Every structure is written in C-alpha cells, then in structure tokens.
There are 2 protein chains.
Amino acid sequence: MSNMDLVSLLSTSFQILIDKLHQRLSELGFHDIRPVHGYLIKYIAINNGATGIELADHLGITKQAVSKIVDYLEEKHYVLRKPHPTDKRGKIVVLTERGRLVVETKEKILNEIEQHLIDEVGAERLQMMKDDLASVIRKT
Amino acid sequence: MSNMDLVSLLSTSFQILIDKLHQRLSELGFHDIRPVHGYLIKYIAINNGATGIELADHLGITKQAVSKIVDYLEEKHYVLRKPHPTDKRGKIVVLTERGRLVVETKEKILNEIEQHLIDEVGAERLQMMKDDLASVIRKT
DNA sequence: TGTATATGGTCAATCAAGTTGACTATATGT
DNA sequence: ACATATAGTCAACTTGATTGACCATATACA
C-alpha cells in the first residue's frame, strides 16, 4: 500500500476519513450536512459569527455562493442571519443551538477517529504523522 | 499548525500538493489536464487500456460521465477509443503517445515533490509518514 | 436453435453548485 | 455633499455530474 505516492495516499486517506465523519454525523441525525457546510459552520463558531464576505474569503468562493449556502443552512436551522451591529448594509451569520450542536458533535467524532488510530498505531506515532503533515503544509 | 485535527491536516496538505502538481504540469505544457483526468489516465496506463465501465467503477462515477471525460481527452489527444477485441458492443480506451508522456511527467513531478520533502524532513521521516497514511487507509 | 434478458456505449434532459453581471442600500473619503 | 467603494441579493449562465431512453451485441437457457 505504501508503494502509492504521497499525493494518492493523502487523497485516499482524506476521502476515507471525511466519508466516515459524515456517515457518523448522518447516523447522529445530521444527514443534511456536507463537508463545505462543516467548514463554514466551524469558521462561524471560531469567530462567534461572520459576515458573508469573510466566509467567502475563508472558503475561496464568491459571496453569491456563500449566500446560497447560508440560505440552505438557515432553512435547515443551523444558522441565522442577524443585522450587523454597526454596518447597516451588512448581516452577520451566527449559529443556532442546532448549529452549536453539530460543531460539538463533529469534534467528538474527530476525536473518536483519532482515538481509533491511537489504538492502532499509538499516540506518539499519530502525533508524529500530524507533525509531518504540518511540515508538508509549512514547507511546500 | 499541528493543533489542527487530522482530517483538516490531510485536506490541506492534499490540496497544496495537488495544486502544486497541476501547476507544474501546466508549466510543462499539460495545461488541459485536471486531477480527474490524471486518475483516469493512470488507470488506463496501469491496465494497458480500459473499458468505459471499468473506468466508471474505478472512479465511482457513471459511465455517461466517463464518456464525456473520454470525449474531452480524445479531443485533446491524450487517449483514443479502439474497438474492443472480443466484445463488439464495447470499446477500449488506450493512451496515445501524449497520454504516455503525461503519465511519465506526472510521476517525475511527484518524485520531485517527495524529494523536496526528503530535503526538508529526511527520507526516514517521509517513509514513516507514508507508512502511517497507509495504516489510516488499511485500519479505518 | 431461438428467444428473453443483460450489458456496453451514446444521446438527451435535468440537476447541483458554482460563476459573472446587474442592482440596491449604506459607508467612506475628499 | 458628493463621488466612489462595499455588503448583500437576484437573475442568468456554466460546468460536471446525474437519470432515463435507446441501440447493438452478448449470454442464459427452454
């Protein structure tokens, strides 16, 4: 298996883990969440709310595309648009209770996944892999 | 950076490397190749030709979608449709000279990328990371 | 052998998720 | 105060996939 090149290994392992994450989310009642929603919701959670343009910059897509995604997530009751406190043109997107719940659930599942790997290869080895991946990101 | 969770680390590092790969391919004259084309062409190379349905199964998309991609790659002279030797309904997709060249070039670039990482973190450490990624794939 | 059913490939229509372009309302700089 | 920039939305279009219908050939089996 490790005769595969690095890029294929990264692609395959990412695909497997993201699929597992969303399968678990679905089992736990969050069947209407897809990866892009996760990234968007997480950014909102970290920043305690975000404007459309902040989200567009973060995700690398247009503000129009963000607007559509936010429409979807608002319909599904994960987020809410509120008037911007200082800029009357703007709005800020914030999490609902269900939004906070899905963030929390996602973290829990990610921990389970890492724990499962620790059981298989050990905590030091996992930490090493994470450090190496961080190196790839920093040094390439 | 390694306070990121494993899935985000995999996603980000994969994105960075695949972008670098295709940027290099573009510089070397293969500007009309996108990741999905690479996977398809590589599968054909390994198997010395493939039917549409084999490719669809391999890529996890419909045969109609494969047909469109093959249309594109045939137009760009990377592949060729030939009648199937034994099944008169079928066709086999094979590589042209340009198709073989892009496979070879891609391998070369992947080696460069890995070599660059070896220079940064060392060969043992890279091999360890690849082994660990293979573990993720096997054990999850 | 003949006939029913399955399979490989293509065409056409549709769908999903993004884009570009145009517009409104409000903010900001001079 | 007025010109220009910015936040957000609406509408039309593009791209890359899907589903459904079809033709030609293969395969199973009465």
Side-chain angles (χ1 to χ4, degrees), chain A residues 11 15 18-19 22 25-26 30-44 47-76 78-95, chain B residues 11 15 18-19 22 25-26 30-44 47-76 78-95:
Chain A
S11 165
Q15 205 59 51
I18 197 91
D19 283 354
H22 284 271
L25 278 174
S26 182
F30 302 106
H31 63 281
D32 42 15
I33 287 290
R34 272 164 304 108
V36 62
H37 304 145
Y39 294 127
L40 191 147
I41 287 174
K42 191 173 176 187
Y43 183 88
I44 296 171
N47 297 278
N48 279 304
T51 66
I53 292 204
E54 280 165 11
L55 291 168
D57 287 348
H58 177 64
L59 296 178
I61 59 180
T62 60
K63 57 183 180 169
Q64 293 93 324
V66 166
S67 190
K68 287 185 196 180
I69 296 172
V70 171
D71 284 347
Y72 176 85
L73 290 172
E74 195 166 24
E75 191 188 318
K76 302 291 184 182
Y78 287 105
V79 304
L80 215 58
R81 274 183 251 236
K82 297 208 306 190
H84 194 284
T86 65
D87 188 334
K88 284 187 182 171
R89 294 169 306 179
K91 301 179 183 175
I92 49 170
V93 186
V94 297
L95 297 188
Chain B
S11 167
Q15 205 58 52
I18 197 89
D19 284 356
H22 284 270
L25 277 174
S26 182
F30 302 107
H31 63 283
D32 41 15
I33 286 291
R34 272 165 303 109
V36 64
H37 303 146
Y39 294 127
L40 191 146
I41 286 175
K42 190 172 176 187
Y43 183 88
I44 296 171
N47 296 279
N48 278 303
T51 67
I53 293 205
E54 280 166 10
L55 291 168
D57 287 348
H58 176 65
L59 297 179
I61 59 179
T62 59
K63 57 184 180 169
Q64 293 92 325
V66 166
S67 191
K68 286 186 198 178
I69 296 172
V70 171
D71 285 347
Y72 175 85
L73 290 173
E74 195 165 25
E75 191 188 318
K76 302 289 184 182
Y78 288 104
V79 305
L80 216 55
R81 273 182 252 237
K82 297 208 307 192
H84 193 283
T86 64
D87 188 334
K88 285 187 182 171
R89 293 169 306 178
K91 301 178 182 176
I92 49 169
V93 185
V94 297
L95 296 189

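Throughout, protein chains are lettered first and strands after them, A, B, ... in sequence-line order, and every chain is numbered starting at 1. Bear in mind the structure is a predicted one, so any value in this text is a computation, not a measurement.
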For Tyr78(B) and Asp32(B): C-alpha separation, side-chain torsions, deciding distance, then whether side-chain contact (heavy atoms from CB on, under 4.5 Å) applies. CA-CA 10 Å; Tyr78(B) 288 104; Asp32(B) 41 15; 2.5 Å; yes
side-chain contact (heavy atoms from CB on, under 4.5 Å) evaluation trace for Ile41(A) with Ile33(A): CA-CA 10 Å; Ile41(A) 287 174; Ile33(A) 287 290; 3.9 Å; yes
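Chain A approaches DNA chain C over the interval dA17(C) to dA27(C), counting the first and last nucleotide 5' to 3' with an atom under 4.0 Å from its heavy atoms.
The nearest heavy atom of DNA chain C to Asp87(A) and to Ile61(A) marks one nucleotide each, and the one closer to the 5' end goes with Ile61(A).
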Expected rows: protein N/O vs nucleotides 8-12 of chain D N/O, under 3.5 Å:
residue: dG8(D); atom: OP1; partner: Lys91(A); partner atom: N; Å: 3.0
residue: dG8(D); atom: OP1; partner: Lys91(A); partner atom: O; Å: 2.8
residue: dG8(D); atom: OP2; partner: Gly52(A); partner atom: N; Å: 3.2
residue: dG8(D); atom: OP2; partner: Ile53(A); partner atom: N; Å: 3.2
residue: dG8(D); atom: N7; partner: Lys63(A); partner atom: NZ; Å: 2.6
residue: dG8(D); atom: O6; partner: Lys63(A); partner atom: NZ; Å: 3.0
residue: dT9(D); atom: OP1; partner: Arg81(A); partner atom: NH1; Å: 3.2
residue: dT9(D); atom: OP1; partner: Lys91(A); partner atom: NZ; Å: 2.9
residue: dT9(D); atom: OP2; partner: Ser67(A); partner atom: OG; Å: 2.8
residue: dT9(D); atom: OP2; partner: Arg81(A); partner atom: NH1; Å: 3.1

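Partners of His31(B) by side chain to side chain contact (heavy atoms under 4.5 Å, CB included), not counting sequence neighbours, listed by chain and number: Ser26(B). Not counting sequence neighbours, Arg34(B) has no partner by the salt bridge (Lys or Arg N to Asp or Glu O under 4.0 Å) test.
Here the options are Val79(A), Val70(A), Ile92(A), the test is side-chain contact (heavy atoms from CB on, under 4.5 Å), and the partner is Ile44(A); only Val79(A) passes.
Each side chain to side chain donor-acceptor pair (under 3.5 Å) pair with one or both residues in residues 56-72 of chain A, not counting sequence neighbours, appears once here: Asp71(A)-Arg81(A).
For the atom pair CG (Leu40(B)) and NZ (Lys42(B)), the distance works out to 13.0 Å, reported to the nearest 0.5 Å. Atom CD1 of residue Ile69(B) and atom OH of residue Tyr39(B) lie 12.5 Å apart, to the nearest 0.5 angstrom.
The heavy-atom pair separating Val66(A) from Gly52(A) by the smallest distance is CG1-O, 3.8 Å.
Near DNA chain C, defined here as any heavy-atom distance below 4.0 Å, there are no residues from residues 30-42 of chain B.
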